[in-house]
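Quantities reported herein were computed from a predicted structural model and do not represent experimental measurements.
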Amino acid sequence: MGGTGGTGGTGRTREHVRVAVIGSGFSGLGAAVRLRREGITDFVVLERAGSVGGTWRDNSYPGCACDVPSHLYSFSFAPNPDWPRSFSGQPHIRAYLEHVADTFGLRPHIRLDSEVRMMRWDEAELRWEIETESGELTADVVVSATGPLSEPKLPEIPGLAGFPGKVFHSARWDHDYELRGKRVAVIGTGASAVQIVPAIAPDVERLTLFQRTPAWVMPRTDRAITAVERWLHRQLPFTQAARRGLTWAVRDLQVGAFTKRPNQLGFVEALAKANMARSVKDPAMRAKLTPSYRIGCKRILLSSTFYPALARPNVDLVASGLKEVRGSVLVAADGTEAEADAIVFSTGFHVTDLPIAERVVGADGRSLAVAWKDGMASLRGATAAGFPNWMTIIGPNTGLGNTSMILMIESQLNYMADYLRQLTVLGGSGGRVALAARPSAVNAWNRRVQARMERTVWNTGGCTSWYLDENGRNTTVWPGTTGEFRRETRSVDLAEYEVVRVRERVPVAAAAAPEAAQAGAPEAAEAGAGTVAESAA
């Protein structure tokens, strides 16, 4: 499948591939399928775990499900007529990804248990040197598909190390630990918490939910997809395509309120308050659960069971974040105390400080983390200045607030495919070549994105969310429709890139011989020839 490269000074011959894809979630498997469709079979998918699935493998907590309709949360090139529900659960989505890996013949390309330790750009050879848990290799192009929801974020809580019970993050659920009959504390009220709380509340002795900031919650209109519907989608595939297209169009029509007219979201807030009032009869409880920011500023959560679960007699809501732990006693910022046998952190992920960035070293010897120390920035959500032939799927400012990320992934796969086509054309007959995003192009793109971001609900809604980095800059969300993004990433504009080629070095011996002969320095003739990279507009 792959060729062989140089030794890199190690004395060992390392495998060389055209493309190395990092990660095997939706982005990684989608990239692999697109590579094969482009006629590229010289690639590997490097996966740190023992199976594919990405975030849908890692997040297996009770109640885990998607908040995007199933037929939109799947690849357009791999429709699934047999989704069992309108909003699919984690087991079905993970099974779908396994199915994609099998159907498109991806297994031979996938390297499991191969976490990437480091990637370094070799300027002389115009290739990436990659160190993994299972060995070393080189690649002409790296496609980073690690995703923003891959590394759990745990807050630093004084005294947590001395807690005598069980502690785990929702994305690292300990299925061997029995929660039944235990006193359980759930920290956070984000997307995973509103699914976990209703799922475990009937079984635990007592559940205490620590809420730092309330979330807006809308009903989750989930239902079973009937056998007739599934039969129709199998026999007449255009019906499923139409269902997907209609859902896509409706969701894209909603984007204007989020990005241009946040005041229009007041009607949606009224619906959310009515939803709360139906299940939460206590005015004091409703006050605790009502956000003070505009709906949409933080992620809108979907659940028809969260509020009823809070009304259970064995569930307590603490309207304050966890401040410290004293033995088995958890103390909130407002002084409220609760005893617990287990703590479940539902505290999100490292989104604006991607851990993979520390493992990518570019052309100037800097890591991507250092290059992004003042905030993530990329060209069209894909490439970064100083990192030739490296691109990311679901990069900066490609996130969404109301529709399917699969739409954005497929758009970026279009861009990836054209990027590789351009490299092939520019390389001609076997010549090595790289594309390096021009800093001016990256800056221009990001100025444009941030200018559009200024009036969005995510920046003006009055909240602090995981969409914002530590500088208060929104480096996460795309301030437009998915249709706009698809047009922006349809093809590569070579004017936004420097073309970097490899040329033969001038033989040092030939250049130095006349002077050396005059100076009486025969050792100069022993210098060899090699290659260096040069840029071409």
Side-chain angles (χ1 to χ4, degrees), residues 67-68 148-149 153 188-191 193-194 211-218 250-276 286-302 319 321 347-353 372 374-378 380-381 394-405 407-408 442-485 487-488:
D67 56 7
V68 174
L149 306 182
K153 177 180 281 188
T189 49
V194 302
Q211 171 191 270
R212 187 175 60 179
T213 308
W216 288 106
V217 181
M218 295 289 287
V250 169
R251 296 234 166 186
D252 254 18
L253 285 173
Q254 299 169 354
V255 171
F258 288 84
T259 60
K260 299 176 182 178
R261 299 174 293 277
N263 288 336
Q264 292 183 352
L265 293 167
F267 173 69
V268 184
E269 279 184 17
L271 294 177
K273 288 178 180 178
N275 175 52
M276 184 192 305
R286 286 202 302 271
K288 291 180 180 179
L289 291 169
T290 302
S292 60
Y293 55 85
R294 173 64 75 192
I295 193 169
C297 184
K298 285 177 176 282
R299 183 176 175 183
I300 300 174
L301 306 182
L302 301 182
T347 46
F349 301 84
H350 288 275
V351 175
T352 60
D353 55 340
W372 282 353
D374 296 323
M376 298 190 299
S378 67
R380 303 180 188 275
I394 314 184
N397 290 113
T398 60
L400 298 171
N402 76 312
T403 189
S404 175
M405 280 305 302
L407 302 172
M408 301 296 277
V442 175
N443 293 337
W445 172 262
N446 281 278
R447 282 195 301 270
R448 181 176 152 202
V449 168
Q450 292 304 320
R452 294 183 63 182
M453 197 70 71
E454 289 178 0
R455 57 178 177 173
T456 66
V457 69
W458 308 301
N459 281 36
T460 65
C463 72
T464 299
S465 73
W466 57 266
Y467 298 147
L468 309 179
D469 64 19
E470 61 182 10
N471 300 313
R473 184 166 168 264
N474 193 324
T475 59
T476 306
V477 188
W478 168 244
T481 67
T482 58
E484 284 181 275
F485 190 76
R487 291 190 294 272
E488 295 282 7

Under a 4.5 Å cut-off applied to non-hydrogen side-chain atoms, are [X] and [Y] in contact?
{"X": "L407", "Y": "R251", "answer": "no"}
{"X": "T482", "Y": "V255", "answer": "no"}
{"X": "V477", "Y": "F258", "answer": "no"}
{"X": "M405", "Y": "L149", "answer": "no"}
{"X": "T213", "Y": "P291", "answer": "no"}
{"X": "V449", "Y": "N474", "answer": "no"}

Discussion item. Return the CD1 to CG distance between I295 and L271, rounded to the nearest 0.5 Å.
Written reply: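 Between I295 CD1 and L271 CG, I get 8.0 Å after rounding to 0.5 Å.
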Worksheet item: Looking at NZ of K298 and CG of L468, how far apart are the two atoms once the value is rounded to the nearest 0.5 Å?
Response: 9.0 Å
Item to complete: Applying salt bridge (charged side-chain N to carboxylate O under 4.0 Å, His left out), name anything that partners D67, two or more places apart in sequence or on another chain.
Response: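 Listed in chain order: R299.
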Practice prompt. Apply salt bridge (charged side-chain N to carboxylate O under 4.0 Å, His left out) to R448 and list each qualifying residue two or more places apart in sequence or on a separate chain.
Written response: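 Salt bridge (charged side-chain N to carboxylate O under 4.0 Å, His left out) check on R448 returns E488.
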Which pair of non-hydrogen atoms, one from [X] and one from [Y], has the smallest distance, and what is that distance?
{"X": "M376", "Y": "V351", "answer": "CE-O, 3.7 Å"}
{"X": "P396", "Y": "A377", "answer": "CG-N, 4.1 Å"}
{"X": "T189", "Y": "Q211", "answer": "CG2-CB, 3.6 Å"}
{"X": "T352", "Y": "Y467", "answer": "CG2-O, 4.3 Å"}
{"X": "W216", "Y": "Y293", "answer": "NE1-O, 2.9 Å"}
{"X": "P479", "Y": "T456", "answer": "CB-CG2, 4.1 Å"}

Main chain of [Y], side chain of [X]: is a donor-acceptor contact present, judged purely on distance under 3.5 Å?
{"X": "N397", "Y": "N446", "result": "no"}
{"X": "D469", "Y": "N471", "result": "yes"}
{"X": "D252", "Y": "G483", "result": "yes"}
{"X": "W458", "Y": "G461", "result": "no"}

Worksheet item: Who pairs with R212 by side chain to side chain donor-acceptor pair (under 3.5 Å), at least two apart in sequence or on another chain?
Response: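 Testing R212 for side chain to side chain donor-acceptor pair (under 3.5 Å), a comparison that skips the adjacent residues, returns none.
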Discussion item. Going by side chain to side chain donor-acceptor pair (under 3.5 Å), name the residues that satisfy it together with D353, two or more places apart in sequence or in a different chain.
Written reply: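 With sequence neighbours excluded, D353 shows a side chain to side chain donor-acceptor pair (under 3.5 Å) to H350, given in chain and number order.
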Worksheet item: What pairs meet the salt bridge (Lys or Arg N to Asp or Glu O under 4.0 Å) rule with one or both residues in residues 257-276, with sequence neighbours excluded?
Response: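 Sorted result for residues 257-276: E269-R294.
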Worksheet item: Which pairs, with at least one residue in residues 452-467 and sequence neighbours excluded, count as a salt bridge (Lys or Arg N to Asp or Glu O under 4.0 Å)?
Response: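 Applying salt bridge (Lys or Arg N to Asp or Glu O under 4.0 Å) to every pair that reaches into residues 452-467, excluding sequence neighbours, yields R452-E484.
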